[in-house]
Structures are given as structure tokens and as C-alpha cells.
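All residue numbers refer to positions in the sequence shown, counting from 1. This one's a predicted model, so the numbers in the text were calculated from it and none came from an experiment.
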Amino acid sequence: MADLEAGTVAATDLGNSTRSQDDSASLIPNSGNLGSSNRSTKIARFKDDNELVEITLDVQRDSVAIQEVRGVDEGGSGHGAGFDGLPLVSPSSKSGKLTSKLRQVTNGLKMKSSSKKAPPQTQQAEKRVRKRLDRTKSSAAVALKGLQFVTAKVGNDGWAAVEKRFNQLQVDGVLLRSRFGKCIGMEGSDEFAVQVFDALARKRGIVKQVLTKEELKDFFEQLSDQGFDNRLQTFFDMVDKNADGRITAEEVKEIIALSASANKLSKIKERADEYTALIMEELDPTNLGYIEIEDLEALLLQSPSEAAARSTNTHSSKLSKALSMKLASNKEMSPIHHYWQQFMYFLEENWKRSWVMALWISICIALFIWKFIQYRNRAVFQIMGYCVTTAKGAAETLKFNMALVLLPVCRNTITWIRSKTQIGAVVPFNDNINFHKVIAAGVAVGVALHAGAHLTCDFPRLLHASDEQYELMKPFFGDKRPPNYWWFVKGTEGWTGVVMVVLMAIAFVLAQPWFRRNKLKDSNPLKKMTGFNAFWFTHHLFVIVYTLLFVHGTCLYLSRKWYKKTTWMYLAVPVVLYVSERILRLFRSHDAVRIQKVAVYPGNVLALYMSKPPGFRYRSGQYIFIKCSAVSPYEWHPFSITSAPGDDYLSVHIRTRGDWTSRLRTVFSEACRPSTEGESGLLRADLSKGITDEKARFPKVLIDGPYGAPAQDYREYDVLLLIGLGIGATPLISIVKDVLNHIQGGGSVGGTEPEGSSKAKKRPFMTKRAYFYWVTREEGSFEWFRGVMNEVAEKDKDGVIELHNHCSSVYQEGDARSALIVMLQELQHAKKGVDILSGTSVKTHFARPNWRSVFKKVAVSHENQRVGVFYCGEPVLVPQLRQLSADFTHKTNTKFDFHKENF
């Protein structure tokens, strides 16, 4: 082993100078100022076998290269050649010793760099070297996922697609700077794309505001480069606008504001100064006033939180097991077997709906055939033929369906049956509105057949019948033949039928989603006649329709005996039941509730906290109807209850989506004042604390309910998978609070229900674990239930409830546009334990969840258990979640039951 000269390596800086970033590292002899601000030359000498050897090293930002090796006399003169000439030491005889000595030189350099006496410039340079050497395989793998300028949503379809867009967007053969983002596929982030353009242009010395196709291809190749170092450099160049290799606090602030704008995060943009200080404190602890590319890389490498890493490690074996599950379809399956299997899966998932629909269709067909045969054997058939048999068969199904259509909207009856009996085990009460729509479609078919056959066939045939044929009709139409067609129409049977058809047609058309949700264009003259109000008022024309139906069914041409006029027999019980329900609603909603607190949140959401009426019992997931006379004296609107049964108040969260909700928000906003520090929401009023705007008074509110909903059955499941989209989280929040109240009440999970619900002591509380996934577009939405999330994080010590917030306006993790937001989130959560979006300890995820991975995680964590999947929100997710529930039920030993509630 060689003895180091003077007991250590003697390393000497020979000089620095600027160097183009495009120059490559090479093995060159020291020839003056070829270094850069991130490059230095060092000389080390060691003694072996009485020979003194000098090695000159070129130390750059990310590498250490041998520049020269030569022998040195004791007096200091060299007697060997550099690497460009013949080497002093023969590789064949000295390679082993040379390797050993190079290792000693490296160790010596490390010792030298750790010396406290080193100049500040040397410390900064060697700090960069150490950071580069600390890139482990695992951290590099994580880093490679970040700073992607070309992602699944940004031009990853290759240069061909970009070239095609260039041809469409070019002007005189060049692409304008303002169209760069659209051309590369980065639509919706124009400001961010312009900054990318400027960074790439500065790198190449381009000062013009346009690009040729060749220059665009060069830009795109750099952006799509999969090398992490290149992507990191591009991102750094975006921030480093003066190209001095350093990022100042002001430049950090600019990129924070830019990233926040690209991801539609206005609150982060407003707090850019605070987050700039956070980053500079972390990356510039010595207060140099700037950070360098190595600092940015270190922050990126640390971005995955330790908690997430631990979670990944914990579940890695289970996820590996999940990957081996047979979740993919069997390609060798024959088409017949495949369709048969799909049919059996469908029956298994929809057997309740199937038998109810089969029974309904069977009854309709049976009634039609019975009446058809009856009139086929009557004398009238000789004149009117199959027209009258069709009309009468359709009339019989019409009477049945007009009676049945009222039952699905008897909400109190349905709620009582599903809560007090076990009939819900075989009858799909959750589909009551859908069944109402199906029956309405049956009514429309019956009306078309009945009215069509009478008006276009029966009446003309009778008018053109011979005198001999008319003899058979005299007992029904009189001795005198009807003179003309108008005679049939103006009669009681005729005009009542025509009016009913017109009223039902109006109600049916305005009930369609296109009209009910007011989706017509503003230029359409019919727009003012559509919307919820039009739907609500025209639907209440049923009072006239049923009155006319009784009259129409009493004044029949071909039936004279009272017991053969069966319309009243069909309608009596359903009509009495429905009228009783309306009377019950009238008396139950007579007393107004007292408004205790009001909050107006971002995203046009109004939260009302009300006193709980005496004897008012409900279950989480149910809903109530609300009427505010100050807005409309007639309209009632349904809203999910967000409070838990055990709470001493009643709360709802209302999203402004139409005229009525807009006016309601305006009326209550007038009684509020701006929120103070520490309070959520934009406006607040709390009567219990005497906090209002100049003692403003709240308008009177009536409630009616509660009514049953799909989410109320959550207690029947061991595990809950709650998925809310936007304001659809409202019924699920009530469930989360109910589970939390049960935990807080000291009851073991799986015990009995908490106080506040009917039959609380008799029904077991089955839930042992709950997963809540909330996906929303707006960062301000997290304020709606911030208190609930903080309460869960504080009181759920056993981790029974697992909360996952997802902000879909932020680009997915790994996208360059969200890279800085991810860094900020990790820093903020690590230092303060608070998420930058939700303001709670619950960390927000970016982009939408991978639902297949979510189901996979639940399946492997809860084998041989029943999982209740409850979704509430827009219908867009329903097919995917229903399919995943079916797949994992059939191909794993975990059973997923899917329930949905759409707004």
C-alpha cells in the first residue's frame, strides 16, 4: 500500500472559467482555463516504491475524469507523458496498483472536500458532486416518473401527430409562439407551454417568436427525451430565465404561480410568497439567495413521502398477489360460453330487477291477451275487427300501469317498508324512480295503441259500416247512426281521452333529461319553457289526468254495466295511498325548523345547519325535501343529509345548479358576513353565537322526510367503499360521520348501532372498515367538509376510516406541470403536517384514482368479506364501477355489492 504524501492527498485547484454546456467531458491535459463554474482541476500525488506519481483530475458537475498521469522527480519535475502521449505506467504491469491508487485518490478528495477550511466556492462545488453521487437506484426510479413534458395527455402519440397539428396551425410555414402548446398537445396550459417554448429557445439562442418544422421537431425531441437529467435541465431552464445557472427567490415565486395557474389552484397562487419562503428555506439553508439544479434534483428525489413509501412496502406482497389474480378474460373461451357467462353474471347482479321486470311484463301481456280474446268473441269484432281488440287490450294495460305508476313515488311507504321489513332483500327499492320511468314508458305505449286504434281505425270503420252491420251497435251507440267523425271526438269519452293524451304528452316530454336539466341552447326559443320548474308543474297535471281518467273510464261506449267498468277498481287503492302520503307531508312539514348556522363555500355550495325536529329519526345516506317560501311558495327539492344520526343538529350541503338553488344561496348570503381567520367558507352566520350581518334574519325553511336512498344500507356490510364525485360526497360524509360517532362512542366496530336511528339497539353495526374516495375538480371544495376530515384524523386512532381526496384539476403526478405542486405538497406536509389543498392532515392526491387498483387493494385486504360499494355523483363513473364490482366479485373471494345514486 502506498503512503500518501504528507499523510493525505494533496489536491489543488488550478483554475475555473466558463464553458459551454454543450461541451462534452473528455480526457485532456491541463491547458489553461477550460473549466466552468461547475468544473475544477485537481492534482494529487502519492509515493510508491520510492517513485512519486502525479495524477491530474478534471472534476465536473457530475463526473470525475483523469486528465493526466505522470511521474515526478523528488524535486518536482515530471518525466512522463500525459494520456495523450505514452502512459508512464504500463497497463499490463501496473493496472492493479493504479486502480488501488486511484481509489486512494478518490478517498483523499472526499476527505479534502469535507475539510472545514475549504473555501465557500469549493464547498458549493463539492456539495453538488456529493448530491449527484447520492442518487440511488430506488430514488432514480422514482425521479424518472417525474417531470414528464410528454404524458398520456400531451402528445405521446409521437412526432407524426405533432407534425399533423403543425400543418394545421402553421402560418406561412412557421408556428407562432402562442400556438406552441396546442401543437405539442399541451392544450389548456398555454402560459406554461409558452414558458417551455422560451426555455428551449434560450437554450438554442433563438430570439424569434416563431418556429420552423425542423426547429419544432428539435424541441419535441428534447421534451420527449426519457432521460431524467435532460428533463430536469429543461425544467430548470424554464425557471432560470436569465440563464445564469441559479434560481432566485423571485424566479421560484414565478414558477409557483405558473404551476398553480396551469393546475387551476388559485389559493396556492395567492400564497406564492409563503411557499417560496418554504422552498428557499429547505434548499438554501445558508441564505445564499439562490438555488442550483442539484438542489432542485434533491427536492424532486425526496418528493415521495416516507408514509407513502411505507404504505407501498406494506402492501407490496398483497399487491403482488393481486397481480396474479385471474382478472383478465379467458381468451380461449368460446363465444357461446363467453356470452353465457356474461348472461349469468348479469342475472347474478340484477336478479332483483330481472324478476320484477319479468313479473310486470307478464302481467301486462296477460291483461292484454285477456281483453283481446274477450273482445275477439264479441259482436263488435264483426265491424271494427282487430282494431277494437287492440284498443281494449291496450286500455286494460293502461289502467294497470296508471295505477302502478303511483306506487314508486309513494316515498313514505317505500321508506317504511325498506326500514321495517325484509322485503328489500328481494325488491330493488333503490330503483323506484327508474321503475317509475319504465312504467311511464309502458303508459306511453298503451296510449299510442289505445288512442291510435280508436281514432284511426275503430271510429272510421263504424262510420262506414252498412246498416245491417250497424244493427249490432245500436245498444251502444243508439238507434241513430253517428253522423260524422266529430261526434266521437266531442262526446265525453272522446274529449276526455284527447285532453288526457295532450297533458300526458306535455308531461312526458318535459320530463326528459334534455328538457328537465335545461340543456337547450340559449338561442332556442323553447329554452324558457324548460327546466326543473316546467318539469315540476307539468308533472302535477296528473291531478287533472286522473280526474279525467275516472270520467273516461265511467263513460264507455261498449260497456254499460257498472261492474264491467273496472277503471276505478285499478285506481282506488294507489290513489288513496298517494293522497294519504301528500296529506302526511302537509302535516309533517307544517312546523319550520330553526336555522342555527349558515356557511357559503367556494364552488357555489351553501351549507345549512338546522335544529332537529322532535322525534325526527333518520339513517345516514337518506335525504329530505326542503321548501323555502322566500324563494318559492310551492317548490320542494331533495337534498342528502350530511349530518350523522347521532348529531344534535341536521345539516345539508346544497350546490348551486339552477334557478331555485341560486335564489336560495342569495337569500341566505344576505344574512352572512365574511369568514374570519380560522373559519372555513366565504361567508358565515351562526345564530348560536350571535354572529350575523347586522342582525339579519334567516328565511323560513320547511323540511319533509327523511326518505330512503341506496346509501342507507351501508350497515349491512363488513367493509365500505365510498366513492363521491363532487357534491355527490354529501350522503357519504354522513356515513363517515356515523362510523366515527360509533367509534367515538366507545362501541367496538361490529357492535350495535349508535343512538339516533330507529331500532338502534336491535340492529347490529356490521361495519369494520371504511374507505372514502372523494374526487373533485376544485380545490375550494375541500373546505365543505374540512371539519369532518380533521375530526376523523384526530379521533380515529385505530385507522378504521381511510380518507382519500383527489383533485382532478391537477395534472397527474409525474407531469411537469404539476411537479412543483407535488414538491410543495411534500414539503408542507413534512414540515407542518397540513395538506396544501385541503388544509387538513389528509393528503390530497392528484388526478383521478386508478379505480382498478383501488378495488384490487380492497379485495386483497379483505378476503372472504362483503364490500358495499356506494357511489354518488354524475352517471359517468357508473358503468366502470359496476363492471369492476362484477369482475372482482366473480374472480376473487371478496364480494362487491354496487349501489349508486345519481344527481
Completion exercise
Residues at least two apart in sequence or cross-chain that pass side-chain contact (heavy atoms from CB on, under 4.5 Å) with Pro408, listed by chain then number, are Asn432, Phe435, His436, Ile439

Problem - Under 3.5 Å donor-acceptor, Tyr618 side chain and Ala644 backbone - result: yes

Problem - Side-chain heavy-atom pair Leu664, His637 within 4.5 angstrom cut-off - result: no

Cut-off 3.5 Å, no hydrogens considered: what does the side-chain donor-acceptor table look like for residues 502-510, sequence neighbours left out?
none

Handout entry: Check against ring pair (Phe, Tyr, Trp, His ring centres under 6.0 Å), Tyr773 and Tyr771
Key = CA-CA 7 Å; Tyr773 285 82; Tyr771 299 88; 7.2 Å; no

Tabulate below the donor-acceptor pairs under 3.5 Å that side-chain atoms of residues 535-544 make, not counting sequence neighbours, or state none.
unit_1 : atom_1 : unit_2 : atom_2 : d
Thr538 : OG1    : Ala534 : O      : 2.6
Thr538 : OG1    : Phe535 : O      : 3.2
His540 : ND1    : Trp536 : O      : 2.8

Handout entry: side chain to side chain contact (heavy atoms under 4.5 Å, CB included) evaluation trace for Leu584 with Asn412
Key = CA-CA 9 Å; Leu584 176 62; Asn412 289 292; 4.0 Å; yes

Problem - Backbone N/O of Gly873 and side chain of Glu901: donor-acceptor pair under 3.5 Å - result: no

Handout entry: Distance-minimising heavy-atom pair for Pro849 and Val775
Key = CD-CG2, 3.7 Å

Exercise for the section: May I have the step-by-step check of salt bridge (Lys or Arg N to Asp or Glu O under 4.0 Å) for Lys612 and Asp647, ending in yes or no? Expected result: CA-CA 9 Å; Lys612 186 184 294 185; Asp647 294 338; over 6 Å; no

Practice task
Side-chain contact test, heavy atoms from C-beta onward, threshold under 4.5 Å: evaluate it for Lys352 versus Val426 and give yes or no.
Solution key: no

Exercise for the section: Could you tell me whether the side chain of Tyr546 and the main chain of Met402 form a donor-acceptor pair under 3.5 Å? Expected result: yes

Exercise for the section: Side-chain contact test, heavy atoms from C-beta onward, threshold under 4.5 Å: evaluate it for Val719 versus Lys768 and give yes or no. Expected result: no

Handout entry: Smallest separation among heavy atoms of Leu571 and Leu549, with atom names
Key = CD1-CD2, 3.5 Å

Problem - Lys627/Asp704 salt bridge by N-O under 4.0 Å criterion - result: no

Practice task
State, without any angle test, whether Asp835 and Thr844 hold a side-chain donor-acceptor pair at a distance under 3.5 Å.
Solution key: yes

Fill in the blank from the handout: The side-chain contact (heavy atoms from CB on, under 4.5 Å) partners of Pro638 (sequence neighbours excluded) come to Tyr623, Phe625

Problem - 4.5 Å side-chain heavy-atom contact, Ser781 and Tyr601 - result: no

Practice task
Using atom types as modelled and distance alone, determine if a side-chain donor or acceptor of Thr415 lies under 3.5 Å from a backbone N or O of Gly708.
Solution key: yes

Handout entry: salt bridge (Lys or Arg N to Asp or Glu O under 4.0 Å): pairs with one or both residues in residues 425-437, sequence neighbours excluded
Key = Arg353-Asp431

Handout entry: Closest non-hydrogen atom pair between Thr496 and Val551, with its separation
Key = CG2-CG1, 4.1 Å

Practice task
Identify, with sequence neighbours excluded, every residue that meets side chain to side chain donor-acceptor pair (under 3.5 Å) alongside Thr567.
Solution key: none

Exercise for the section: Could you tell me whether the side chain of Tyr717 reaches within less than 4.5 Å of the side chain of Thr767, counting heavy atoms only? Expected result: no

Handout entry: Check against side chain to side chain contact (heavy atoms under 4.5 Å, CB included), Leu650 and Ile641
Key = CA-CA 7 Å; Leu650 196 63; Ile641 302 173; 3.8 Å; yes

Practice task
Say whether, by atom type as modelled, one donor and one acceptor occur between the side chain of Trp774 and the main chain of Ile723 under 3.5 angstrom.
Solution key: no

Completion exercise
Those residues at least two apart in sequence (or on a different chain) that pass salt bridge (Lys or Arg N to Asp or Glu O under 4.0 Å) with Glu270 are none

Completion exercise
With Ile727 as partner, the option from Asn604, Val605, Ile654 fulfilling side-chain contact (heavy atoms from CB on, under 4.5 Å) is Val605

Handout entry: Pairing residues for Trp360 by the side chain to side chain donor-acceptor pair (under 3.5 Å) criterion, not counting sequence neighbours
Key = Asn401

Handout entry: CD1-OG1 distance between Ile626 and Thr661, expressed to the nearest 0.5 angstrom
Key = 11.5 Å

Problem - Under 3.5 Å donor-acceptor, Glu581 side chain and Thr413 backbone - result: yes

Practice task
Measure across Val409 and Tyr578 and return the closest heavy-atom pair with its distance rounded to 0.1 Å.
Solution key: CG2-CE1, 3.9 Å

Problem - Side-chain touch Met500/His552, heavy atoms, less than 4.5 angstrom - result: yes

Exercise for the section: Identify the two heavy atoms, one from Pro613 and one from Ile703, that lie closest to each other, and give their separation to 0.1 Å. Expected result: CG-CD1, 3.8 Å

Practice task
Using the test side-chain contact (heavy atoms from CB on, under 4.5 Å), find all partners of Arg777 that sit at least two apart in sequence or belong to another chain.
Solution key: Ser808

Problem - Side-chain donor-acceptor pair present, Gln712, Ser620, cut-off under 3.5 Å - result: no

Exercise for the section: Report the C-alpha separation of Tyr609 and Ser643 in whole Å, then their side-chain angles, then the decisive distance to 0.1 Å, and conclude whether the side chain to side chain donor-acceptor pair (under 3.5 Å) test is met. Expected result: CA-CA 9 Å; Tyr609 297 82; Ser643 55; over 6 Å; no

Problem - Any residue meeting side chain to side chain donor-acceptor pair (under 3.5 Å) with Glu802, in chain and number order, not counting sequence neighbours - result: Arg769, His804, Lys857

Problem - Side-chain heavy atoms of Leu722 within contact of Val869, under 4.5 Å - result: no

Handout entry: Inter-residue atom distance Leu725.CG - Leu877.CG, 0.5 Å rounding
Key = 5.5 Å

Fill in the blank from the handout: Sorted by chain and number, sequence neighbours left out, ring pair (Phe, Tyr, Trp, His ring centres under 6.0 Å) with His806 holds for His845

Practice task
Check whether the side chains of Glu779 and Ser266 place a donor and an acceptor atom closer than 3.5 Å, and report yes or no.
Solution key: yes

Exercise for the section: For Thr840 and Asn790, run side chain to side chain donor-acceptor pair (under 3.5 Å): C-alpha distance rounded to whole Å, both residues' side-chain angles, the deciding distance at 0.1 Å, then the answer. Expected result: CA-CA 6 Å; Thr840 69; Asn790 282 330; 4.6 Å; no

Exercise for the section: Go through the structure and list residues passing side chain to side chain donor-acceptor pair (under 3.5 Å) with Thr642, not counting sequence neighbours. Expected result: Ser651, His653

Practice task
Decide, yes or no, whether a salt bridge links Arg619 with Asp738 under the criterion of side-chain N to carboxylate O below 4.0 Å.
Solution key: no

Handout entry: Pairing of Arg655 and Glu874 as salt bridge, 4.0 angstrom limit
Key = no

Practice task
Return the minimal non-hydrogen interatomic distance between Tyr570 and Pro574, and the atom names on each side.
Solution key: O-CD, 3.4 Å

Problem - Beyond-backbone contact of Ile624 with Tyr707, side-chain heavy atoms, under 4.5 angstrom - result: no

